[in-house]
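Report on one structure; see the data block that follows.
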Protein chains: 2
Amino acid sequence: MWLNYLVNTYSFMTEHEMNTEQKILDAAKDIFQHKGMTGARMQEIADKAGINKALLHYYYRTKEKLFEKVFELAFSLFIPKVKEMMTSDKPIFEKLEFFIENYLNLLQKHPYIPGFIINELNRNPKMLVGLIEKNIQLKEGNLLGVIESQIQHEVELGIVKPISARNLMTNVISLCIFPIVARPILQGVLFENDKKEYDLFLEQRRAFVKEYIINSIKV
Amino acid sequence: MWLNYLVNTYSFMTEHEMNTEQKILDAAKDIFQHKGMTGARMQEIADKAGINKALLHYYYRTKEKLFEKVFELAFSLFIPKVKEMMTSDKPIFEKLEFFIENYLNLLQKHPYIPGFIINELNRNPKMLVGLIEKNIQLKEGNLLGVIESQIQHEVELGIVKPISARNLMTNVISLCIFPIVARPILQGVLFENDKKEYDLFLEQRRAFVKEYIINSIKV
DNA sequence: TTTATCTTTGACTAAATGGTTAAAACAAAT
DNA sequence: ATTTGTTTTAACCATTTAGTCAAAGATAAA
């Protein structure tokens, strides 16, 4: 199909007429995110995409390159959102509520991505190097700086308790992501492995986490 | 060596006279925890243990069996501690401080284990089935029940704010483990990848987390 | 010293796996 | 219809990898 490059969405296409490149990416995403770089098999990805293994190498010459593409897509879906959501000009409480709400939505839609990112970065931390500046322009609108001075400002107004931006961000992200990433063990230990119960727990935690974070810095 | 089975510690031995089985376990632990089941190579483990690959199969017939052993050791080092530390008969505040203090120590000593456990459980959640009851006798001294009723009791005394035991445990564990598990990304985004700074951050967070958790439930 | 048992090794095998190639199928342009 | 360029496939290759085996070394007992 010589106009593949014009197609950047496929919601209106049926599975069958979806272009090959996209089918490959979808399949690769699925396999890589569940089995990791080392656990994934090119044959399995080809099968899932419904194509020949050779065709995989025709589009993405090596497993490495295909993996990098998938990783980058996952990364750019999750990491820039943090900055994007935290640098609006709402007051800090609203900002936090907005962030938690939206990040939990994102996590619900892509529950395997954070674990995938964490795991692969642990395997090969060098991948991070180019990726951060590519996805977060730290220069203008420095994330930490913005939050830091916003907190300081609202501390002076007597609205929030003092807290370092790094600790605050770490807490928020930990409380949002960890229950998803560590689902198997938490579900096992705290819920006798009852999937439904854990889903309900996560649902109820949405409001809980918001309140918990807000209360912890409300003066 | 016919008295291998008598040796269960080796702190007094030099690397050289350490028995083979232990050398294998140490090497396997290292490789598996850094590369995961699928990324690890039997040859690499053999090399690290300073033995022949065939000897690996002599002691642990398959990669699977060796992995299971390593996983079980890691699991039993981390999971039962939760119960052990939370079921003492201290008041809740002391209990939480004690837990956080000790769990952070454990994490500092074995920073790769939680990521290892989480990742492998994600790959194969079935592993959990036997492991939980083997490591935590849920029957007597039910962990959640104990905490739950302790909270309720202290709520009635007007000492703590009401909170579900599951949410409290999830918060504590998330705040302790996540900054270790997600170290590469947090260090990258929040600390411009400065390792020393991140170590310092973790060090300072020890007191911070304790205070944060306590304050969040102090009435 | 001999014998029996346990430990270790080098050499090997079968299967899996990432990657290649040459040719076929297809689509568009002339 | 022919040509030209692109997409897809079946068959193949080289390497890696878990696992085996027979024989050699070591160790304690007889």
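Everything numeric here is computed off the predicted structure, so don't read it as measured data. Chain letters run A, B, ... following the sequence lines, proteins first, then strands; residues in each count from 1. Hydrogens, waters and symmetry mates are skipped; everything else that's a heavy atom, side chains included, is used.
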Check whether the ring centres of A:Y212 and A:F208 lie less than 6.0 Å apart, and answer yes or no. yes
B:L56 CG to D:dA18 P, in whole Å, measures 10 Å
Any chance NZ of A:K81 has more than 12 other-residue heavy atoms, nucleotides or ligands included, within less than 6.0 Å?
no
- Hey, do the aromatic rings of A:Y112 and A:F116 have their centres closer than 6.0 Å? no
N/O donor to acceptor pairs below 3.5 angstrom from side-chain atoms of residues 170-177 of chain A, sequence neighbours left out:
unit_1: A:T170; atom_1: OG1; unit_2: A:R166; atom_2: O; d: 2.7
unit_1: A:N171; atom_1: OD1; unit_2: B:R205; atom_2: NH1; d: 2.9
unit_1: A:N171; atom_1: OD1; unit_2: B:R205; atom_2: NH2; d: 2.9
unit_1: A:S174; atom_1: OG; unit_2: A:T170; atom_2: O; d: 2.6

In whole angstroms, the gap separating P of C:dG18 from CZ of A:F67 amounts to 14 Å
Set out, line by line, the N/O atom pairs under 3.5 Å between protein and nucleotides 8-10 of chain D.
unit_1: D:dT8; atom_1: OP1; unit_2: A:T20; atom_2: OG1; d: 3.1
unit_1: D:dT8; atom_1: OP2; unit_2: A:T20; atom_2: OG1; d: 3.2
unit_1: D:dT8; atom_1: OP2; unit_2: A:Y59; atom_2: OH; d: 2.9
unit_1: D:dT9; atom_1: OP2; unit_2: A:N52; atom_2: N; d: 3.2
unit_1: D:dA10; atom_1: OP2; unit_2: A:N52; atom_2: ND2; d: 3.2
unit_1: D:dA10; atom_1: N7; unit_2: A:N52; atom_2: ND2; d: 3.4

Whole-Å distance, B:K65 NZ to D:dG19 P, equals 10 Å
For the CD atom on A:Q43, are there more than 12 heavy atoms of other groups (residues, nucleotides or ligands in this structure) within a distance under 6.0 Å?
yes
To the nearest angstrom, the CG-P distance between A:L66 and C:dT17 comes to 16 Å
* Do B:N105 and B:R206 have side-chain N/O donor and acceptor atoms under 3.5 Å apart? -> yes
So, with a heavy-atom separation below 4.0 Å from DNA chain D, the residues of residues 39-47 of chain B are B:A40, B:R41, B:M42
Taken to the nearest whole Å, CZ/B:R61 to P/D:dC21 is 12 Å
Taken to the nearest whole Å, CD1/A:I24 to P/C:dG18 is 15 Å
For A:D26 and A:Q22, test the side chains for any donor-to-acceptor distance below 3.5 angstrom and give the result as yes or no.
yes
Rounded to whole Å, the CD1-C1' distance (B:I31 to D:dA18) equals 16 Å
Atom CD of A:E64 and atom P of C:dT17 are separated, to the nearest Å, by 18 Å
- Item | A:I185 vs B:I79 side-chain heavy atoms within contact, under 4.5 Å | yes
- prompt: Does B:F67 have its ring centroid less than 6.0 Å away from the ring centroid of B:F32?
  reply: yes
